[in-house]
Protein chains: 2
Amino acid sequence: MTDVIRIGPLNPTHRNQVEAIVRATGVFSGAEVGVALELFDETFTDSGQRTADSDYEFVGAFTSDGSLVGYGCFGATPATDQTFDLYWIAVHPTAQRTGAGGTLMTEVEQRLQQRRARLLVVDTSSRDDYAPTRRFYQKRGYEQAARLRDFYGRGDDRIVLTKQLPAAALP
Amino acid sequence: MTDVIRIGPLNPTHRNQVEAIVRATGVFSGAEVGVALELFDETFTDSGQRTADSDYEFVGAFTSDGSLVGYGCFGATPATDQTFDLYWIAVHPTAQRTGAGGTLMTEVEQRLQQRRARLLVVDTSSRDDYAPTRRFYQKRGYEQAARLRDFYGRGDDRIVLTKQLPAAALP
């Protein structure tokens, strides 16, 4: 039986689930989990309101029973003309065959296309355990634009993937 | 008569001078000036204390009469092993023959070397008006590591320069 993944907004109550998802992927270091939560905290204030001036936007993937199983985080790259960073797409390992990752990606791209985004940029690592991540993006049209040797650490290069978004057909 | 440039700390009272310096360089867009001030504001609280958890560090270049004529802003790149971003070195045009830029650069590199930084990363633009900036870094051992086409805008590529810092000779 295949569960249907629904897209929906995140709110401050999802913090623990976001942390659990990022940890469960097994590819992120403690520092990276910290960064993921820092972006979350900068976006969602304690009062439950989305911070108006946050540079980050979140979108969640939910199962039919309302459980959060994945999320995407993206935002405009400061001081660029319509370039956006895709900071994370993370899906809990138990949901990685449900298409949640692809559904999140499609949602992010559609939203950005409506806003006439021009270029999407994803940073990832050259490490072997990121091979599925790189394949995920490459299958969806992201191309390697740069490789920064030893960026994350010795032998751990930064791979920059980019995708040009077609001009949206808007009414 | 050549004035001697002194290195010193910044504090919240320098905000207007920082803005004046960045604007006077003539190469930064309004959005980029906004980013420069955002980093400043994230670092210096209204109470005059440096924010403990800021990701940014500032260093100023002063003339002998105490005027701020340039500054550098740098910080550890999150989730990396000893990689640092050099966000800006900006010097007021009236002081660009005083060696203030080189003095700031040397100061930043020495501080980072003492902290066993491994890699310094600078992002800059491919535009013609950034040619002096690129030469400034290249003369000081920064090498082009990547070029991201149309990153800032159409025809405005992002150039990533990096410099490996030698292991510091520490006592």
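The chains referred to below are lettered A, B, ... by the order of the sequence lines, with proteins before strands, and numbering in each begins at 1.
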- Query: Under a single-linkage rule joining Ile, Leu, Val, Met, Phe, Trp and Tyr whose side-chain heavy atoms are separated by less than 4.5 Å, which residues share a cluster with A/Ile5?
  - Reply: A/Val69
- From CA spacing to verdict: side chain to side chain contact (heavy atoms under 4.5 Å, CB included), A/Val59, A/Leu10: CA-CA 6 Å; A/Val59 59; A/Leu10 295 196; over 6 Å; no
- B/Phe58, B/Val18: one ILVMFWY side-chain cluster at the under-4.5 Å cut-off? yes
- Over all atoms of both residues, closest heavy-atom pair of A/Ala24 and A/Pro93: O-CG, 3.0 Å
- Message: Looking only at heavy atoms and a cut-off of under 4.5 Å, which of A/Ala145, A/Gly34, A/Ala79 has the most pairs with chain B?
- Response: A/Ala79
- Message: With chain A as the partner, which of B/Val121, B/Leu148, B/Val35 has the greatest number of non-hydrogen pairs under 4.5 Å?
- Response: B/Leu148
- Note on the structure: Cut-off 4.5 Å, heavy atoms of chain A, and the answer for B/Val33 is neither
- Between A/Leu161 and B/Phe151, is there a shared hydrophobic cluster once you connect ILVMFWY residues whose side-chain heavy atoms come closer than 4.5 Å? no
- So which heavy atom on A/Ala36 is nearest to which on A/Val22, and how close? CB-CG2, 4.2 Å
Could you list each donor and acceptor atom pair linking chain B to chain A at less than 3.5 Å?
unit_1, atom_1, unit_2, atom_2, d
B/Asp81, N, A/Tyr152, O, 2.7
B/Thr83, OG1, A/Phe151, O, 2.6
B/Arg118, NH1, A/Asp150, O, 2.8
B/Arg118, NH2, A/Asp150, O, 2.9
B/Arg118, NH2, A/Phe151, O, 3.4
B/Asp150, O, A/Arg118, NH1, 2.8
B/Asp150, O, A/Arg118, NH2, 2.9
B/Phe151, O, A/Thr83, OG1, 2.6
B/Phe151, O, A/Arg118, NH2, 3.4
B/Tyr152, O, A/Asp81, N, 2.7

- Cluster overlap A/Phe84 with A/Leu165, hydrophobic side-chain contacts below 4.5 Å: yes
- Of all of A/Gly30, A/Pro78, A/Gly153, which one pairs up most often with chain B through heavy atoms under 4.5 Å apart? A/Gly153
- Shortest non-hydrogen pair, A/Leu104 vs A/Ala90, comes out as CD1-O, 4.4 Å
